[in-house]
2 protein chains.
Amino acid sequence: MITYIKVMERQNSETRQGQIKQAVLDIIYTDGLKNLSTRNLAKRIGMSEGAIFRHFATKQDIILAIIQDVQTDFIGQLRKIATSSLEPKERLQKFICSTVQYLTDNKGITMLLFSEASHNNDEQLKSTLRQIFNNQKSLVSKIFLDGIAEGTWDEEIPVENLAMLYMGIPVSLNIELILNRGESQNDNFCKKMLSLMLKLLKR
Amino acid sequence: MITYIKVMERQNSETRQGQIKQAVLDIIYTDGLKNLSTRNLAKRIGMSEGAIFRHFATKQDIILAIIQDVQTDFIGQLRKIATSSLEPKERLQKFICSTVQYLTDNKGITMLLFSEASHNNDEQLKSTLRQIFNNQKSLVSKIFLDGIAEGTWDEEIPVENLAMLYMGIPVSLNIELILNRGESQNDNFCKKMLSLMLKLLKR
DNA sequence: TAACTTTGTAAGTGATTACTTACATCAAGG
DNA sequence: CCTTGATGTAAGTAATCACTTACAAAGTTA
């Protein structure tokens, strides 16, 4: 009988970086941020602690890389929706629903974002977080303004305030997800929020 | 010439507990959660690290005591407003404005709440956080329902969803406060949010 | 005043942290 | 085949963590 012993195979740095980032999110969601140590990280991937530092200079750099991924992937996706040629109402629906989808799919990320915001005084990190927050706000504002310019929505509505209120949707969804371990929230959630938004926008 | 050397005077445990809790919030706001160590805590108060453990069994117990203060003080205040005999519209205004006030006055607390929620798997802590969140939701729902029963507000509005949307207000205010170091937000903020809420509630 | 409890300190404790070092092994190119 | 650079490991490192211990001194009560 031949026994194959699985040994850690060599991978290029890009692949490893992806694995490490994914493991960070997994740990945060399953065990909480407190258990996000480089030791646990290495154990989760099945490599040595030293290997991690081959692919990232510091632990903080891993966090930064993840947050920059959010900036490109998530915000990029929202930008596409907001600047598409669809009707404003349809854009708004896609915008809200894909936000809700992203946040429920990537529960670890959102905990990471808000916790890092309060933990760190790292300015680079804070400024990226500010960008993510403000980009969402200005993209949703663009949709509101397009609908108002078109004449379908109320031009009296204070867009800035509405965008602020909108931002509460993803954020409080997060809180619920954290506190209720993701059990709540069916896929109707975004449609419910959409209908409230539409009532606010009605002339 | 006589020189008086100021030495740490003995205080009763209750006084010290108050000082310790206040110092925790100060540290969180000025230096971030990362620097909330028992060493820094002792230094900030001007006592020894050992003395802290005379008044609280563990560091976690300090956090718990603070969160329980929020439950009694903040939620207690909101409960008084929600169950008062004022008009629903007036209650809603007081409710939103005193929430905004509390959160801006106690910036350290809110960072603590949300960070602990994602950090810890401590069930006692999580359950208290859930209570704080759900109490706010059900108290604001009560105001909505009273206004609907009275006939002033739209009975078609889905109260549960509206309460969820409402919860976004304090939560996203927090994010702004964290990211912008409390520079934004004048005292009109709650009135702006109130007027959006009122449009949603209009028949 | 004597006995006892409470509040304080200084100097530890072992555990854990992010990160480093010395060295092995693998893949690729000349 | 041999060199070279990238990727891996085991076993460290000093620093920091929450918390303890042994003891002193102050306050209280008898």
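Keep in mind that what you see is a predicted model, and the values were worked out from it rather than measured.
- B:Ser172 is listed as a side-chain neighbour of A:Met164, based on a closest heavy-atom distance under 4.5 Å.
- Residue A:Lys34 is the one, among A:Ala57 and A:Lys34, whose nearest nucleotide of DNA chain C lies closer to the 5' end (criterion: closest heavy atom).
- Here C:dG8 is the nucleotide among D:dT16, C:dG8, D:dT9 with the atom lying nearest to any side-chain atom of B:Ala51.
- The side chain of A:Phe53 lies closest to C:dC19 when the candidates are C:dC26, C:dC19, C:dT9.
- Atom-to-atom, NE2 of A:His55 to P of C:dT20 comes out at 15 Å; the value is rounded to the nearest Å.
- When the C1' atom of C:dC19 is taken as reference, atom CD1 of A:Ile63 falls 15 Å away, rounded to whole Å.
- The CD1 atom of A:Ile20 sits 14 Å away from the P atom of C:dA18 (whole-angstrom rounding).
- Comparing B:Gln60 and B:Arg54, the nucleotide of DNA chain D nearest to each residue sits closer to the 5' end for B:Gln60.
- At a threshold of 4.5 Å between non-hydrogen side-chain atoms, the residues B:Gln136 and B:Thr99 count as touching.
- For A:Ser48 and D:dG8, the shortest distance from a side-chain N or O to OP1 or OP2 is not below 4.0 Å.
- Within the 4.0 angstrom heavy-atom criterion, only backbone atoms of the sugar-phosphate kind lie near A:Gln11; the bases stay farther away.
- Following rounding to the nearest Å, B:Ile27 (CD1) and D:dA18 (P) show an atom-to-atom distance of 10 Å.
- Summary of the strand contacts: A:Ser37 and B:Asn12 both lie near DNA chain C, and taking for each the nucleotide with the nearest heavy atom, the more 5' one is attributed to B:Asn12.
- Nucleotide D:dT20 holds its P atom 13 Å from the CD1 atom of B:Ile52, rounded to whole Å.
- Environment of CD in A:Glu87: sparse, with no more than 12 heavy atoms of neighbouring residues, nucleotides or ligands closer than 6.0 Å.
- Ionic pairing of A:Glu176 and B:Lys137 is present here: one or more N-O contacts between side-chain nitrogen and carboxylate oxygen are shorter than 4.0 angstrom.
- Residues A:Leu36 and A:Ile63 meet the side-chain proximity criterion, which asks for heavy atoms closer than 4.5 Å.
- Under the 30°/60° scheme for interplanar angles, the aromatic rings of B:Phe74 and B:Tyr102 are found to lie parallel.
- Here the side chain of A:Arg39 is nearest to one of D:dT16, C:dT16, C:dT25, namely C:dT16.
- In this structure, of C:dC19, D:dC19, D:dG8, it is D:dC19 that holds the atom nearest to the side chain of B:Glu49.
- One can place NZ of A:Lys59 at 4 Å from P of C:dA18, the figure rounded to the nearest angstrom.
- Within the nucleic acid shown, B:Thr38 comes within 4.0 Å of at least one base atom, counting heavy atoms only.
- Computed from coordinates, the B:Gln19 CD to C:dG8 C1' distance equals 13 Å when rounded to whole Å.
- Dashed line: the shortest gap from a side-chain N or O of B:Arg16 to OP1 or OP2 of C:dG8 is under 4.0 Å.
- Straight-line distance from the CG atom of B:Leu41 to the P atom of C:dT9: 13 Å, rounded to whole Å.
- Across all strands shown, A:Leu36 has heavy atoms under 4.0 Å from sugar-phosphate atoms exclusively, and none from any base.
- Of the candidates D:dA18, C:dT7, D:dA6, C:dT7 carries the atom nearest the B:Arg10 side chain, counting heavy atoms from C-beta on.
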